[in-house]
Number of protein chains: 2
Amino acid sequence: MPEQTRKRRPYAPRVPMAERREQLLDAALTIIDRDGYDGVSIDAIAREAGVTRPVVYGAYDGLGPLLTALLDRQQDRALGQLFAALPLGADDADPLAVVERAVPALHAMVLADPVTWRAILASPADVPDVVRERIEGDRERVRGVIEQLVTVVLGARAEQLDAEVVAHGILALLDHFGGLVLADPGRFTAERLSAAARSLLAAWLP
Amino acid sequence: MPEQTRKRRPYAPRVPMAERREQLLDAALTIIDRDGYDGVSIDAIAREAGVTRPVVYGAYDGLGPLLTALLDRQQDRALGQLFAALPLGADDADPLAVVERAVPALHAMVLADPVTWRAILASPADVPDVVRERIEGDRERVRGVIEQLVTVVLGARAEQLDAEVVAHGILALLDHFGGLVLADPGRFTAERLSAAARSLLAAWLP
DNA sequence: CCAGAATGCTACACCTGTGTAGTAAATGGA
DNA sequence: TCCATTTACTACACAGGTGTAGCATTCTGG
């Protein structure tokens, strides 16, 4: 009686590369959302996807390239969502209207795709270098857009302001409140945040 | 000829426990500042301090307790510096004066002890749980103080405002600009930040 | 001056992750 | 149907971190 009994791992369903790649990116994103960037490793991704490590190495050349691919994919989603939410066609130049439209739109945006946004908003500091650099770069792009938006919307008033500093401030606020909304949606509702922004801005305008 | 030639590591200077503990905390802080929280391990701390791991285990029961002790020490420094920088005795209730005093004080504060503040401001997300909880708790305390400060300083005007949201916002701004100052002191000077805060606030006041 | 306590070091067993070579199973076209 | 290709798995060697047992050295007080 040959002891062939050594249980062999059941074969994972065979899928073509393209699909496998997508599946691995999903697995990585799931891990990031559940365990943070610390939890991401080739091994963890393989386990999460129900395959073995060589399968992952077959699809990507390592953790760096895999995360880069993930960022490529999420970047489209995130920036697309974001630029859709920002009232960029706002030539009306009414600051109050801009804020009234942007705040609920952004609120809806993060809650509509919490996994993507948690990965971005909760990312900082010790993430793998590839990820860090990528997100930094995107932040800069967004900050530039905000800076322009501020300049345009505030028009003449803007001359008093340090637009770069203001843009940094706005982005910091979006960042922080985005995180709060994700962490505690019941406490930080769109209405509440809109009201706060409105009342601050209303008092500020002439 | 006995082959006693197997080089034995030269003994590190012998120090009493109390001093050794301080030295290990310093080593940990150095590593955090240089390599981020990712780089912190018992092994790395031992190397940085020029001793072997068992020495570290003799002083602390593991990485968690060591980092807790580090936080205990840094907490005093940081909160002491912070509450000294915030104009808490500001019964004069002049918002502009409060900001004019607070911004340069905070700016000086982070630059006076960059290691401590980088460890706090650049901490987020995936730090060991002990550290994360501790810093979160402190943030809440500080936010509470700011909330009160806002209420007091703005007086009657405060009734229009959502003090909690405003305090969150202010703390987010302090956080973010603190990081910017540390990253690029030449670009974000005390004067520039003061001017920006002053001009925003001046326009906002009646 | 010489125990014995205090302090530090070596060495080991264990864990988790990386990356790869070799092998086994599934699949699709001749 | 059957074989070549594609896809997946096993197994190994290596790297770095943890925690501990046991030995070596230094220092101090009697």
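Computed from a predicted model, the values in this text were never measured in an experiment. Reminder, nothing fancy here: chain letters follow the sequence lines and each chain counts from 1.
Judged by closest nucleotide on DNA chain D, A:Pro16 is the one of B:Ser41 and A:Pro16 placed further toward the 5' end.
With sequence neighbours excluded, the residues satisfying ring-ring contact (aromatic ring centres under 6.0 Å, His included) with A:Phe188 are B:His168. Considering only residues two or more places apart in sequence or on other chains, A:Gln75 meets the side chain to side chain contact (heavy atoms under 4.5 Å, CB included) condition with A:Asp72, A:Leu79, A:Arg134, A:Asp138. Not a single side-chain hydrogen bond (donor to acceptor under 3.5 Å, both in side chains) links B:Ser41 to another residue, sequence neighbours left out. When the side chain to side chain contact (heavy atoms under 4.5 Å, CB included) test is applied to A:Leu174, the partners found at least two apart in sequence or on another chain are A:Leu106, A:Ile146, A:Ile170. Taking the side-chain hydrogen bond (donor to acceptor under 3.5 Å, both in side chains) definition, one finds that A:Asp33 meets it with A:Arg118, sequence neighbours left out. Not counting sequence neighbours, the partners of A:Glu100 by the side-chain hydrogen bond (donor to acceptor under 3.5 Å, both in side chains) test are A:Arg198. With sequence neighbours excluded, the residues forming a side-chain hydrogen bond (donor to acceptor under 3.5 Å, both in side chains) with B:Gln23 are B:Arg20, listed by chain and number. Residues meeting the side chain to side chain contact (heavy atoms under 4.5 Å, CB included) test with B:Thr189, sequence neighbours left out: B:Glu191, B:Arg192.
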* To do: Any chance you could lay out the side chain to side chain contact (heavy atoms under 4.5 Å, CB included) test for A:Glu48 and A:Arg34, step after step, and finish with the verdict?
  => CA-CA 11 Å; A:Glu48 178 72 30; A:Arg34 192 183 55 222; 3.2 Å; yes
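Contacts of residues 42-58 of chain A with DNA chain D (heavy atom under 4.0 Å): A:Val51, A:Thr52, A:Pro54, A:Val55. Contact check of residues 19-34 of chain B against DNA chain D (heavy atom, cut-off under 4.0 Å) returns no residues at all.
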Where do N or O atoms of nucleotides 26-29 of chain C meet protein N or O atoms at under 3.5 Å, pair by pair?
{"residue": "C:dA26", "atom": "O4'", "partner": "A:Arg14", "partner atom": "NH1", "Å": "3.3"}

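Atom CE of A:Met17 and atom C1' of D:dT5 are 15 Å apart (whole Å).
The salt bridge (Lys or Arg N to Asp or Glu O under 4.0 Å) contacts involving residues 58-71 of chain B comprise nothing, where partners must be two or more places apart or lie in separate chains.
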